[in-house]
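A quick write-up on the structure given underneath.
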There are 2 protein chains.
Amino acid sequence: MESRCENCIIRQFNSLRAMSKEELKHVSDSKITKTVKKGEPIFEEGDKLNGVYCVRNGISKLSKLSANGKDQIVKLATKGEVLGQRSVIAEETTNLSAIAVQDMEVCFIPKESITNTLQKNPNFTLEVLRHMAHDLKEADDVIVNISQKTVKQRIAEAFLYLKNNFGEDEEGFLALTLSREDISNVVGTATESAIRIISEFKKKGLIHTSGKKIGIKDERKLVEMVEGF
Amino acid sequence: MESRCENCIIRQFNSLRAMSKEELKHVSDSKITKTVKKGEPIFEEGDKLNGVYCVRNGISKLSKLSANGKDQIVKLATKGEVLGQRSVIAEETTNLSAIAVQDMEVCFIPKESITNTLQKNPNFTLEVLRHMAHDLKEADDVIVNISQKTVKQRIAEAFLYLKNNFGEDEEGFLALTLSREDISNVVGTATESAIRIISEFKKKGLIHTSGKKIGIKDERKLVEMVEGF
DNA sequence: TTCCAAACCTGACAATTGTCATAGAATCCC
DNA sequence: GGGATTCTATGACAATTGTCAGGTTTGGAA
């Protein structure tokens, strides 16, 4: 069991790689490793976070509750991503809930380690800034997609996204299995609509399913659908 | 005519305030002040930006073209905001177009001044980071609103937003007058739908209009509508 | 294994929204 | 000032999407 941040490979994927040896050591000494079971929250909307969570394993959905009682999933975060950064930097309660969609292993890093380094190590700050710039661009893309594409297109796009970002298992099913409700919360539609469209895709031979698992059968047609043909 | 950044009040509202005297001097020496007429672009989606633009006056819409040929307005930027930061930091072409919706005065700041300072002045970097964290949160909110609220609710919300952020003129009309098309691009709907709903609001006495100008008449009802009553 | 709850699925219908067509109003430019 | 162009407005209709109301299946706990 690898328990020192200095030796943690995950670090290479996020802004922690810009930390100095000493800073990392400090982080490692103060961090707490936690396991989170599927369905359990890491934190919830409105929480005041005392640190950030570095994802070592598993996948989390970041969602926000809307006035009508439905969750909107804003992002899916996987290994290497750091959750709660925005909230710690802005010194605000978090605007999102983070809930595990798979069993997870995360490292809690107290905010002092982060804020100290932010003030002293410009490379680290810049690295964090770059990550946030990337997130912001992705958020802009989501806005455009959600407002200008039909539900059908958004669902097709979601499947392609899942394949490209989380891959497939040996049998050709998407490695990340989401419930129909989660899918509908990603694309921002009613669960029934999502189910209906999934059935339609199955009938048309675009995908195949086995229980909750979904496999992509005709990627090209899905791409065409996303692009509006 | 105030032309030195050191003396520019606008600076107090953005991350430039975290710059040192010398850094500001350098920025001031290298900046170029431009005027942009209503309807003209400051930059367009896909441009490689050689710097950022600090808004001294006027308002710009930040938009992105979707596959179906419609623009989606992602943000309205006013006095004090810095445009193009994300793109310069991520060293990518810009993902958004910035077009003036009012006559504007902007200062172009070459990216070297920015990137140099980012590497040397952690306070500045942190300040930029805070601003971006704020933008990201706002983007999350937009995602939830657009996907979970009806067009009617989003239009009501847009009017309230315009009032709160840009104020009203002496006669009680919203100070920022947008075309019906821009309004529809803010809320992500067809222009005809936006027009229809505006007419409906007028009939119900929620707003009054005079040409393109729109004034809020019954703010409480609008708020209730946004919240789903 | 069996039972229960949760998740999935489908139909019927209504509400919302987009599209197309057309006409009037405002604005710009010569 | 007048004509062209763009913006606003409205009707009619179709397509999309949401809601409600049932079913069936699945998965996990007792």
Side-chain angles (χ1 to χ4, degrees), chain A residues 37-40 61 66-72 99 101-103 145-158 173 177-204 207-214 225-226 228, chain B residues 37-40 61 66-72 99 101-103 145-158 173 177-204 207-214 225-226 228:
Chain A
K37 288 246 173 60
K38 177 175 168 174
E40 286 177 356
K61 60 177 172 182
S66 69
N68 64 27
K70 287 204 61 175
D71 273 322
Q72 173 67 37
I99 295 171
V101 292
Q102 284 182 350
D103 290 352
N145 276 334
I146 235 168
S147 73
Q148 306 283 5
K149 288 187 177 149
T150 65
V151 174
K152 216 175 282 185
Q153 289 177 306
R154 270 138 58 197
I155 290 184
E157 187 158 53
F173 291 108
T177 302
L178 292 175
S179 71
R180 302 296 194 251
E181 189 180 2
D182 278 341
I183 293 174
S184 75
N185 288 346
V186 166
V187 302
T189 191
T191 308
E192 295 93 325
S193 296
I195 289 174
R196 232 180 284 275
I197 288 169
I198 290 170
S199 300
E200 191 190 321
F201 283 5
K202 201 159 46 170
K203 264 187 213 133
K204 286 192 184 161
I207 60 173
H208 56 118
T209 66
S210 166
K212 298 190 190 214
K213 285 188 290 183
I214 289 174
M225 175 173 288
V226 172
Chain B
K37 289 245 172 63
K38 177 173 169 176
E40 285 177 359
K61 58 178 174 182
S66 71
N68 64 26
K70 287 204 59 176
D71 273 322
Q72 172 67 36
I99 296 172
V101 292
Q102 285 181 349
D103 290 351
N145 275 334
I146 232 168
S147 73
Q148 307 282 4
K149 288 188 176 150
T150 65
V151 174
K152 217 174 282 188
Q153 288 176 308
R154 270 139 57 199
I155 289 184
E157 188 159 52
F173 292 108
T177 301
L178 292 174
S179 71
R180 303 295 195 252
E181 188 179 3
D182 279 341
I183 293 174
S184 74
N185 289 346
V186 167
V187 302
T189 190
T191 307
E192 294 94 326
S193 296
I195 289 176
R196 232 180 285 275
I197 289 168
I198 291 170
S199 299
E200 190 190 322
F201 282 8
K202 202 160 44 170
K203 262 186 216 136
K204 287 190 185 162
I207 60 174
H208 56 117
T209 66
S210 164
K212 299 191 189 212
K213 287 187 289 181
I214 290 174
M225 175 173 287
V226 171

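When reading the values below, keep in mind they use all heavy atoms of this one structure, side chains included, and skip hydrogens, waters and symmetry mates. Throughout, protein chains are lettered first and strands after them, A, B, ... in sequence-line order, and every chain is numbered starting at 1.
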**Study point:** Within 6.0 Å of NZ in Lys38(B), more than 12 heavy atoms from elsewhere
**Key:**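 No, because the 6.0 Å sphere around NZ of Lys38(B) holds 12 heavy atoms or fewer from other groups.
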Starting from [atom2] on [N], measure out to [atom1] on [X] and report it in whole angstrom.
{"X": "Gln148(A)", "N": "dT16(D)", "atom1": "CD", "atom2": "C1'", "answer": "15 Å"}
{"X": "Arg154(B)", "N": "dG18(C)", "atom1": "CZ", "atom2": "C1'", "answer": "13 Å"}
{"X": "Lys70(A)", "N": "dG18(D)", "atom1": "NZ", "atom2": "P", "answer": "7 Å"}
{"X": "Lys38(B)", "N": "dT6(D)", "atom1": "NZ", "atom2": "P", "answer": "15 Å"}
{"X": "Glu200(B)", "N": "dT10(D)", "atom1": "CD", "atom2": "C1'", "answer": "13 Å"}
{"X": "Lys213(A)", "N": "dA7(C)", "atom1": "NZ", "atom2": "P", "answer": "19 Å"}
{"X": "Glu181(A)", "N": "dC9(C)", "atom1": "CD", "atom2": "C1'", "answer": "15 Å"}
{"X": "Lys37(B)", "N": "dC28(C)", "atom1": "NZ", "atom2": "P", "answer": "13 Å"}

Under a 3.5 Å distance rule, please check whether [X] uses its side chain to pair with a backbone N or O of [Y] as donor and acceptor.
{"X": "Ser66(A)", "Y": "Lys70(A)", "result": "yes"}
{"X": "Ser193(A)", "Y": "Thr189(A)", "result": "no"}
{"X": "Asn68(A)", "Y": "Gln148(B)", "result": "yes"}
{"X": "Ser210(B)", "Y": "Lys213(B)", "result": "no"}

Check your understanding: For DNA chain D, which residues in residues 189-198 of chain A have a heavy atom at a distance below 4.0 Å?
Key ->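 Result for residues 189-198 of chain A: Thr189(A), Ala190(A), Glu192(A), Ser193(A), Arg196(A), sorted by number.
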Review point. Does the side chain of Lys212(B) get closer than 4.0 angstrom to OP1 or OP2 of dA26(C) through an N or O atom?
Key: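 For dA26(C), neither OP1 nor OP2 has a side-chain N or O of Lys212(B) closer than 4.0 Å.
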Practice item. Identify whether the distance between the nearest side-chain nitrogen and carboxylate oxygen of Arg196(A) and Glu192(A) falls below 4.0 Å. Key: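 No.
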Practice item. Take Arg180(A) and Ser147(A), find for each the nucleotide of DNA chain C with the closest heavy atom, and name the residue whose nucleotide sits nearer the 5' end. Key: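 Its nucleotide being nearer the 5' end, the pick is Arg180(A).
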